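Please read the structure below before turning to the comments.
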Amino acid sequence: MNTMTAGGTSYSDRFRELIRSLTGISLPQSKVVMIEQRLRKRVLAFGLSDMEAYLGQLLEGQGMEEELRIVIDLITTNTTSFFRESDHFDFLVNEALPKRLAQAKGARKPRFKLWSAAASEGAEAYTSAMVLAEAQRRGAMFDFAVLATDISQRMLERGAEAVYGADQLSTVPPDLVKRYFMSSRHPSVAGKVRVVPELRRHVRFRHLNLMDETYPVDRDVDLIFLRNVLIYFDGPDQERVVARLASHVAPGGYLVVGHAESMVVRMDGLKQVRPTIFQKV
């Protein structure tokens, strides 16, 4: 992956810079092997001889916009699981939600707004919906809405479908599995489960690129999850994304990042209240 183009820059370098500008994801030279593995099928699909020829076609060819969307889907990291970093969901239901309801005291039925800002196939969004629905079952009077966004259209379609392998539920408490997932005896969906309609109606999936200058999202969100995403961005992009997200958090609301990212968030107006949780002041 080191063919030089007319401008003296390799296709590999141009490709990595294009991906960074479009998605914020930094792909250092050490990731070259990973890129080649994930794109190998696309090289074969085009009947090309090697990765260099494919990158040349991608960068120089006409009408490659759809192929570029496929490439972004393939190189985007989509690691996800239910109740991942479970202490964040404990904070959501034990601290963030009660504080929001206390602020809304007197309102007939306040709405808690949560945004899963890198939702992948939806496990984080549905985990959030489950714990909020459980709070309702315990008697808390409120409504809630979960927005799940991602750059990968493929992941968003999976999330909206809400179908998962039964083995993906190993981290979900058994009573919640029974309450919020349904299975079918039809052979075509053996080993699969689907989130129940009552929970799905609280969650909507939308395409969103965190590198966009503006986000079409409400500016009174009570809690935003952006976990294990900033680690793939460089410093200036991290700062810009955090600033844009913070503008959508309601006063007193929270931005939650991954455990490897707590040192990344340094912004006036965000107070660190836990190692990975920041409150808008």
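All values derive from a computational prediction rather than experimental measurement.
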Pairs flagged by side chain to side chain donor-acceptor pair (under 3.5 Å) wherever residues 161-173 is involved - sequence neighbours left out: E121-Q168

Heavy-atom pair of closest approach, residues A129 and V203: CB-CG2, 3.9 Å

Donor-acceptor contacts, no H, no angles, side chain residues 102-109, under 3.5 Å, sequence neighbours left out:
none

Worked check of side chain to side chain contact (heavy atoms under 4.5 Å, CB included) between I151 and L210: CA-CA 8 Å; I151 195 173; L210 291 169; over 6 Å; no

Heavy-atom side-chain proximity of R20 to I25 below 4.5 angstrom: no

Polar side-chain atom of R154 near backbone of D73 as donor-acceptor pair, under 3.5 Å: yes

Shortest non-hydrogen contact from G252 toward Q279: O-NE2, 3.0 Å

Heavy-atom side-chain proximity of L132 to V93 below 4.5 angstrom: no

4.5 Å side-chain heavy-atom contact, I224 and V221: yes

N/O donor-acceptor pair under 3.5 Å between Q272 side chain and F278 backbone: no

Shared hydrophobic cluster, V264 / F233 (ILVMFWY, side-chain heavy atoms < 4.5 Å): yes

4.5 Å side-chain heavy-atom contact, T127 and V172: no

I35 to M51 - nearest heavy-atom pair and separation: O-CE, 4.4 Å

Sidechain-backbone polar pair: H248 side chain, V217 backbone, donor-acceptor under 3.5 Å: yes

Side chains of L147 and L114 in contact at under 4.5 Å (non-hydrogen atoms): no

Single-linkage hydrophobic cluster L68~L55, side-chain heavy atoms < 4.5 angstrom: yes

Pair D175 + K178: basic N to acidic O under 4.0 Å: no

Side chain to side chain donor-acceptor pair (under 3.5 Å) contacts touching residues 208-226 (sequence neighbours left out): R100-D222, K113-D218, K113-D220, Y215-R244, R219-S247

Check: F205 and T149 side chains under 4.5 Å, non-hydrogen atoms: no

Lys/Arg N to Asp/Glu carboxylate O, E124 vs R84, below 4.0 Å: no

Joint cluster assignment, L156 & V195, ILVMFWY side-chain distance < 4.5 Å: yes

For the student: nearest non-hydrogen atoms of N94 and P98, plus distance: O-CG, 3.3 Å

Worked verdict on D150 versus R206 for salt bridge (charged side-chain N to carboxylate O under 4.0 Å, His left out): CA-CA 7 Å; D150 202 88; R206 295 289 184 272; over 6 Å; no

Any residue meeting ring pair (Phe, Tyr, Trp, His ring centres under 6.0 Å) with H207, in chain and number order, not counting sequence neighbours: none

Pairs touching residues 259-281 that satisfy salt bridge (charged side-chain N to carboxylate O under 4.0 Å, His left out), sequence neighbours left out: E95-R274

Close side-chain approach of F82 and V177, heavy atoms under 4.5 Å: no

Same apolar cluster: V256 and V229, side chain cutoff 4.5 Å: no

Audit row: H88, R227, side chain to side chain contact (heavy atoms under 4.5 Å, CB included) steps and yes/no: CA-CA 10 Å; H88 289 158; R227 304 187 301 168; 3.0 Å; yes

Pairwise ring-ring contact (aromatic ring centres under 6.0 Å, His included) hits with a residue in residues 25-62, at least two apart: F46-Y54

Point-to-point distance, once rounded to the nearest 0.5 Å, from CG of L74 to OG of S152: 8.5 Å

Rounded distance [0.5 Å steps], CZ in R194 versus OG in S184: 11.0 Å

Interatomic spacing from CZ in F181 to NZ in K192 - rounded to 0.5 Å: 13.0 Å

Chi angles and distances behind the ring pair (Phe, Tyr, Trp, His ring centres under 6.0 Å) call for F83, Y126: CA-CA 9 Å; F83 286 92; Y126 287 124; over 10 Å; no

Side chain proximity check, W115 to V146, heavy atoms < 4.5 angstrom: no

Backbone of F144 reached by a side-chain donor or acceptor of R111 within 3.5 Å: no

Sidechain N-carboxylate O distance under 4.0 Å for E134, R137: yes

Nearest-0.5 Å distance that lies between atom OG in S12 and atom CD in E17: 12.0 Å

Rounded distance [0.5 Å steps], CG in L18 versus CG in D13: 12.5 Å

Hphob cluster co-occupancy, I277 + I231, side-chain heavy atoms under 4.5 angstrom: no

Heavy-atom pair with the smallest gap, counting every atom of L223 and A96: CD1-CB, 4.0 Å

Between F91 and F225, ring centroids under 6.0 Å: no

Contact summary for M130 and L176, nearest pair of heavy atoms: SD-CB, 4.2 Å

Q57/L48 under side chain to side chain contact (heavy atoms under 4.5 Å, CB included): CA gap, chis, key distance, verdict: CA-CA 9 Å; Q57 178 76 8; L48 297 171; 4.2 Å; yes

cation_pi(R14, Y11) dist<6.0 Å, angle<=45: no

Test side chain to side chain contact (heavy atoms under 4.5 Å, CB included) applied to L39 and V71, step by step: CA-CA 7 Å; L39 299 184; V71 167; 4.1 Å; yes

Interatomic distance, L270 atom CG to M267 atom CE [nearest 0.5 angstrom]: 5.0 Å

Donor-acceptor contact below 3.5 Å, side chain S120 vs main chain G122: no

